[in-house]
Amino acid sequence: MTVQDTAVSASSLTVQERRELLRTMHLIRSFEEAILRDYHADKAPAWDIGAGLIPGEMHLSAGQEPVAAGICAHLTRDDAVTATHRPHHMAIAHGMDLDRLAAEIFGRETGLGKGRGGHMHLFDPDTHFSCSGIIAEGYPPALGQAFAFQRRQTDRIAVAVTGEGAANQGAFHESLNLAALWKLPVVFVVEDNDWGISVPRAASTAIASNADRAAAYGMPGIRVEGNDVEAIHAAAAEAVARARSGDGPTLLEIHTLRLWGHFEGDAQGYRPELSTVNEHDPIPAYQARLVADGVLSDEDAAALKEEAVARVDAAIGFAKNSPTPQPEEALRYVFVEGA
Amino acid sequence: MTTMTIAKAINEGLRASLGADETTLLMGEDIGALGGVYRVTDGLQQEFGEDRVVDSPLAESGIIGTSIGLAMRGYRPVCEIQFDGFVFPGFNQITTQLAKYHARTSGNVTLPVTIRIPYGGGIGSVEHHSESPEALFAHTAGLRIITPSNAHDAYWMTRQAIECPDPVIVFEPKKRYWLKGEVDTQDPGASADPFSAHVVREGTDATIVAYGPLVPVALAAANAAAEEGRSVEVLDLRSISPIDFDAIEASVRKTGRLVVAHEAPTFGGIGGEIASRISERAFLSLEAPVIRVGGFHMPYPVAKVEEHYLPDIDRILDALDKTFSY
């Protein structure tokens with residue numbers, strides 16, 4: 001295992017690449033901020049999880065944008081991604097259409113799955129994206145997709161994402177062994193945001209780094225500290241290249257940050273560092289670094305944010321103006337129709 | 001027409017499907033060089049290669065999950081689960097993923113995955129090697145579940161499961177693997193629809209519905225009843241999900257009495273669902289309550305006493321007597 005420490009002081013990335021990373025992170029954050037607003041808007045005064053424009057659980061990814069931006073920068077839409085119950089950042093960074101993503105979350109007919117999947121079950125044939133609310137259970141289907149890519153002798157890869165809590169599930173370990181055994185083109189990503197809902201990592205996992213577990217399966221393991229998008233980008237470059245060239249899987253654990261609650265409505269009383277969490281927000285930090293490096297001006301940065309907000313507003317507007325499914329739709333799609 | 005065992009018929013069905021479509025591939029434990037612990041895949045790896053007949057690690061969740069991913073990318077995987085009880089490590093993938101993707105995506109994703117599971121007792125083994133867990137899967141919408149009782153159906157159900165665009169679990173009656181029968185590999189005939197029940201013995205006084213390993217037992221019970229002057233109809237259910245209630249209803253409207261037999265425990269089982277549906281659909285045609293014959297609500301017993309656990313001719317005849325004496 002190697003540990004890559006925080007800042008890469010002199011960036012090896014081009015100006016355009018660095019701007020793109022910031023742009024992606026702004027787009028994700030703007031999206032999550034918009035969902036946050038609409039999610040809570042009509043759940044008051046007595047907070048009712050089943051009420052409102054967006055009923056049900058909501059797991060937002062604020063703080064984890066560097067993971068998505070840094071990894072997906074290396075992917076094409078032909079690469080498969082399987083994500084978790086907290087999937088928006090990966091979906092957006094992988095290029096999912098924002099209108100259809102928003103519509104799915106709002107449960108509308110125009111959503112990716114006509115509103116049937118909801119925010120934890122985003123399936124997009126265009127970007128080969130899928131996710132599951134059952135933790136670690138996205139890993140085995142990622143193997144199968146990688147197996148298909150390998151059998152067809154393509155250079156496509158699969159990226160399988162879990163959180164650090166899911167790394168204690170059996171499916172996680174079974175998948176690592178299978179991928180290494182069959183030398184599948186997979187990048188396993190563990191997003192370590194320190195918390196499995198309310199349980200701190202130290203109380204759930206016997207070792208300090210899941211990247212150490214890679215050695216047990218004969219694959220490289222890299223833990224990236226600091227939630228730094230460029231360090232993540234560099235580690236992912238290596239892992240993706242290894243997968244594409246047929247040299248097998250890599251396990252990347254990325255120490256990131258859950259800026260908000262596990263789910264919306266989570267008061268996070270269990271979290272001692274709560275009052276200082278915002279000081280570690282990765283987006284202002286990266287933006288300041290790019291300004292200091294002369295990559296862009298404050299005005300450029302503000303324009304990136306405005307552009308992101310405008311795009312997100314359009315997507316949310318599209319979702320809100322889309323029809324809700326008809327009641328008879330509820331009974332469809334158990335089996336292939338007409339088969 | 002060729003005479004072959006059920007095991008050989010499944011083997012031939014797999015061979016035909018592998019030959020017909022190169023996206024079909026087999027995955028499972030010991031299915032390659034060994035040809036499976038029941039030799040159902042005998043010779044297939046030699047014929048189609050290690051890429052098409054894949055020996056997997058002991059990892060049922062991985063086998064099912066990998067098959068899901070393969071199916072998402074255009075393959076038609078066929079998983080062999082070595083014994084009924086070994087499916088449980090893969091239960092999560094089957095019930096939370098495989099069964100749900102099509103509905104979850106409003107039809108955008110189809111998963112033509114076949115899962116073959118040898119099931120049932122009577123082989124002198126213990127729990128995990130003798131169980132009948134079909135009701136657990138039938139309760140999960142999105143899975144099709146079929147079970148052959150004879151070699152002809154075994155051949156065609158294997159092929160039909162692989163061709164089906166939905167996930168299909170084929171429960172194979174392991175005790176009957178060596179039961180021989182006539183197979184027409186050119187024409188499925190009446191077996192063209194794997195999701196229909198078949199009348200395998202006509203009668204007028206009572207109906208027995210059975211499936212898989214108990215169909216021969218039900219037929220033997222019906223023959224014994226005939227010696228006492230009872231004309232008993234036997235339905236081979238064939239499909240456990242969906243269930244061909246129309247066929248059962250039609251038979252009950254004719255006979256007025258129904259016995260349902262399966263090896264699985266009656267508690268929470270398929271027999272209860274059939275009894276309930278038939279009472280809803282044909283209550284006024286019933287001359288007696290529907291009687292279930294099945295395993296007891298207990299873990300599968302040790303080999304020395306399993307004959308007392310498994311439904312036999314006498315228990316089915318007792319059930320018939322109950323319906324006639326009501």
Side-chain angles (χ1 to χ4, degrees), chain A residues 80 82 104 109 111-118 120-125 128 130 132-134 136-152 154 156 158 160 169-171 173-179 181-182 184 186 325 329-339, chain B residues 22-23 25 27 50-52 54-75 77 79 89-90 92-113 140-144 160 163-168 195 241-242:
Chain A
T82 68
E104 185 64 26
E109 275 282 352
L112 295 159
K114 299 188 184 178
R116 188 176 291 258
M120 282 184 273
H121 295 133
L122 308 169
F123 282 70
D124 182 18
H128 304 94
S130 58
S132 169
I134 308 287
E137 292 299 322
Y139 264 32
L143 300 188
Q145 296 182 74
F147 207 1
F149 299 153
Q150 182 193 58
R151 296 172 75 88
R152 295 202 172 103
T154 70
R156 298 167 70 181
Q169 286 276 11
H173 296 273
E174 213 165 296
S175 299
L176 260 58
N177 179 60
L178 279 165
L181 178 73
W182 290 334
L184 297 179
V186 184
E329 277 285 300
L331 296 177
R332 294 183 62 192
Y333 309 117
V334 176
F335 293 123
V336 174
E337 291 175 2
Chain B
E22 64 178 21
T23 66
L25 53 93
M27 294 185 72
E50 293 178 6
D51 282 351
R52 304 280 308 282
V54 182
D55 258 331
S56 69
L58 310 183
E60 287 80 6
S61 169
I63 294 168
I64 307 288
T66 300
S67 296
I68 292 171
L70 281 162
M72 288 171 78
R73 299 290 157 244
Y75 286 88
C79 313
N92 196 338
Q93 283 289 328
I94 296 173
T95 56
T96 73
Q97 312 295 322
L98 180 63
K100 305 282 199 330
Y101 276 21
H102 189 67
R104 191 179 284 170
T105 62
S106 291
N108 281 335
V109 175
T110 58
L111 296 179
V113 175
T140 300
L143 303 171
R144 293 183 181 272
Q160 289 155 344
E163 281 163 21
C164 183
D166 297 313
V168 180
F195 307 110
S241 183

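Sequence lines set the chain letters: A, B, ... in the order given, protein chains first and strands last, and positions in each chain run from 1.
For chain B, the nearby part of A/S130 is the side chain; its heavy atoms alone come within less than 4.5 Å. Proximity to chain B (any heavy atom under 4.5 Å) is shown, for A/Y139, by neither the backbone nor the side chain. Contacts of A/D124 with chain B are absent, with no heavy-atom separation under 4.5 Å from either backbone or side chain. Only the side chain of A/L178 comes within contact range of chain B, with heavy atoms under 4.5 Å apart. With a 4.5 Å cut-off on non-hydrogen atoms, A/L181 touches chain B through its side chain but not through its backbone. Interface residue A/E174: only side-chain heavy atoms are found under 4.5 Å from chain B.
For the pair B/R144 and A/F335, the distance from NZ or CZ to the six-membered ring centre is under 6.0 Å and the angle to the ring normal is within 45 degrees.
Remark: the backbone N or O of A/F123 is not paired with any side-chain donor or acceptor of B/N108 at under 3.5 angstrom.
In terms of heavy atoms, A/W182 sits closest to B/D55 at CZ2-O, 4.4 Å. Nearest heavy-atom pair across A/G113 and B/S106 is O-OG, 2.6 Å.
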Worksheet item: After noting the C-alpha distance and the side-chain angles of B/L70 and A/R151, does the key distance pass the side chain to side chain contact (heavy atoms under 4.5 Å, CB included) rule?
Response: CA-CA 10 Å; B/L70 281 162; A/R151 296 172 75 88; 4.1 Å; yes
Worksheet entry | side chain to side chain contact (heavy atoms under 4.5 Å, CB included) assessment of B/N92 paired with A/I134 | CA-CA 9 Å; B/N92 196 338; A/I134 308 287; 3.8 Å; yes
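No hydrogens or angles considered: a donor-acceptor pair under 3.5 Å links the side chains of B/Q97 and A/S132.
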